[in-house]
Amino acid sequence: MDATFATGKELQKMDPVFGQLSFDDHEQIVFCNDKDTGLKAIIGIHNSVMGPALGGTRMWNYNTEWEALNDVLRLSRGMTFKSAITGLNIGGGKAVIIGDAKTQKTPELMRKFGEFVHSLSGRYITAEDVGMETKDMDTVRDVTPYVTGISEERGGSGNPSPVTAYGVYLGMKAAAKSQFGSDVLDGKKVLVQGIGHVGETLVEYLTKEGAKVTITDINEEKLYQVASKYNAAIYTGEDLYTADVDIYAPCAMGATINDNTVDKIKAKVIAGAANNQLADENVHGARLQERGILYAPDFLINAGGIINVYAELANYGKAEIMSKTENIYNTTLEIIDFAAKNNITTHKAALTIAQNRIDARKIENAAKK
């Protein structure tokens, strides 16, 4: 086939890894397969300039292997910038396990995954993500030391979700201050999409401050449970992106801001926990800016989780975890200011500052050789 006339999908098949737009100079991609346990996983190591790659493992029932590959590439790249913008001396990596976490996850599968992680000799350190629990990280710890987010009983930092939610809440307040003139969320209408571990805790923070919270989730049982617990409204409209709210908080899967949604959004602030919220960070970031919608970069404000698990590697305690997480508020304001002064999107501003730190460390590393 003549590549000149090939479609995007055809090119993708010709170059299934390096040809992905999300590949973005990844250092290493590891495909893990085990017939006995049914494990099918992909580990992505994006960048190790700042240190070993650290990032969670996500178990999700992907429609295709292509979808799983693209997800791990986007996620591991995001981890590089998340750690850099937060000031952590750690690189970016991520892992995905293909399958239904509710029905296919077993201790044997998790141990086998841990063995694959161990085979990388510390280049990648795993942690908890969607579809994972602290007990799963404990199982991985049985076969490798290269895991964080293990239970406090085993000397770990425990579930990172509450700290992630706290950082998102503070990032949201900073964005509100810039957009509305005050960081007080009392009376503000907030739509939280996705009420898993992080989303529910965010709802708790917002409710305590007096925000008018509306929630949505694919899990109806959890939806009604959380609505009852926090007296939150359940979104019942046809299209949640057209909801009449002040703040939209995506806390489920990524790419909810895309060609189909970006012009519908009525919220004036987007601040949530989901990774890779912009389907195309350049196109959709610019469109939000044109529409006067302030986007709090996801990899900045959801960094509380990585701060929490990094504590196990850097040997600092709860007080420093919370102090570093609280700094997300100030960093968010700095990013918004930098974007305005340089007439660029907030996403581009955050990437630029993170990349500058990585570049500086690369020069330092080269000088040491």
Side-chain angles (χ1 to χ4, degrees), residues 78 81-82 85-86 163-194 198-199 201-215 240-241 243-252 254 256-257 261-262 265-278 281 284-305 307 324-354:
F81 297 114
K82 181 183 297 190
I85 195 80
T86 313
V163 187
T164 303
Y166 184 52
V168 172
Y169 169 66
L170 293 174
M172 183 186 290
K173 286 176 72 69
K177 182 175 183 179
S178 181
Q179 186 76 311
F180 305 126
S182 169
D183 67 5
V184 176
L185 300 178
D186 183 19
K188 287 284 183 286
K189 293 179 286 184
V190 184
L191 173 65
V192 179
Q193 178 189 25
V198 176
T201 307
L202 178 62
V203 169
E204 182 180 0
Y205 278 117
L206 293 170
T207 303
K208 284 180 178 177
E209 192 171 335
K212 297 176 181 177
V213 181
T214 301
I215 59 175
L240 66 91
Y241 301 100
D244 181 20
V245 295
D246 301 301
I247 301 169
Y248 164 49
C251 295
T256 59
I257 302 160
T261 63
V262 70
I265 296 169
K266 291 184 179 179
K268 289 300 179 186
V269 167
I270 297 176
N275 289 303
N276 302 314
Q277 293 167 25
L278 305 175
E281 60 193 47
H284 302 125
R287 185 62 188 138
L288 291 176
Q289 185 183 35
E290 288 168 8
R291 296 194 58 221
I293 298 171
L294 180 57
Y295 172 67
D298 49 47
F299 64 88
L300 165 60
I301 71 169
N302 69 11
I307 291 169
K324 287 180 181 294
T325 303
E326 284 165 1
N327 197 48
I328 288 174
Y329 180 95
N330 295 324
T331 307
T332 303
L333 289 177
E334 289 168 13
I335 292 297
I336 294 169
D337 185 56
F338 183 84
K341 286 179 178 175
N342 292 276
N343 195 28
I344 56 176
T345 67
T346 50
H347 188 87
K348 179 66 175 175
L351 279 180
T352 300
I353 292 173

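Note that this is a predicted model, so its numbers are computed, not measured.
- Judged purely by distance below 3.5 Å, without hydrogens or angles, the side chains of Tyr166 and Glu326 pair a donor atom with an acceptor atom.
- You'll find the side chain of Met172 reaches within 4.5 Å of the side chain of Leu202, heavy atoms only.
- Under the 6.0 Å distance and 45° angle rule, Lys268 does not count as a cation-pi partner of Phe180.
- Proximity of Ile335 to Ile85: side-chain heavy atoms (C-beta onward) are separated by under 4.5 Å at one or more points.
- Using a distance-only test at 3.5 Å, with no hydrogens or angles considered, no donor-acceptor pair links the side chain of Asp186 to the main chain of Ala211.
- You'll find the side chain of Thr214 stays beyond 4.5 Å of the side chain of Val192, heavy atoms only.
- The nearest pair of heavy atoms linking Cys251 to Gly194 is CB-O, 3.4 Å.
- Judged by distance alone, with hydrogens and angles left aside, the side-chain atoms of Gln179 form no donor-acceptor pair with the main-chain N or O of Tyr295 at under 3.5 Å.
- Residues Asn276 and Asp298 bring no donor and acceptor atom of their side chains to less than 3.5 Å of each other.
- Classification of the Phe81-Phe299 ring pair by plane angle, with boundaries at 30° and 60°, yields tilted.
- Here the closest heavy-atom approach between residue Leu351 and residue Glu281 is recorded as CD1-OE2, 3.3 Å.
- Side-chain polar atoms of Thr201 and Tyr169 form no donor-acceptor pair below 3.5 angstrom.
- Between the side chain of Gln193 and the main chain of Tyr248, no donor-acceptor pair closer than 3.5 Å is present.
- Side chains of Leu288 and Thr345 form no contact here, defined as non-hydrogen atoms less than 4.5 Å apart.
- Residues Lys348 and Asn342 bring no donor and acceptor atom of their side chains to less than 3.5 Å of each other.
- With a 4.5 Å cut-off on side-chain heavy atoms, Thr86 and Lys324 do not count as touching.
- For the pair Val245/Lys266, no side-chain contact is recorded, criterion being any heavy-atom separation below 4.5 Å from C-beta on.
- No side-chain heavy atom of Thr325 sits less than 4.5 Å from a side-chain heavy atom of Asn327.
- The two residues Leu333 and Ala174 make their nearest non-hydrogen contact at CD2-O, 3.4 Å.
- Annotation: side chain of Lys82 is in contact with side chain of Asn275 (closest heavy-atom distance under 4.5 Å).
- The nearest pair of heavy atoms linking Val163 to Gly304 is CG1-O, 3.4 Å.
- Listed for the Asp183 side chain is no donor-acceptor partner under 3.5 Å among the backbone atoms of Lys173.
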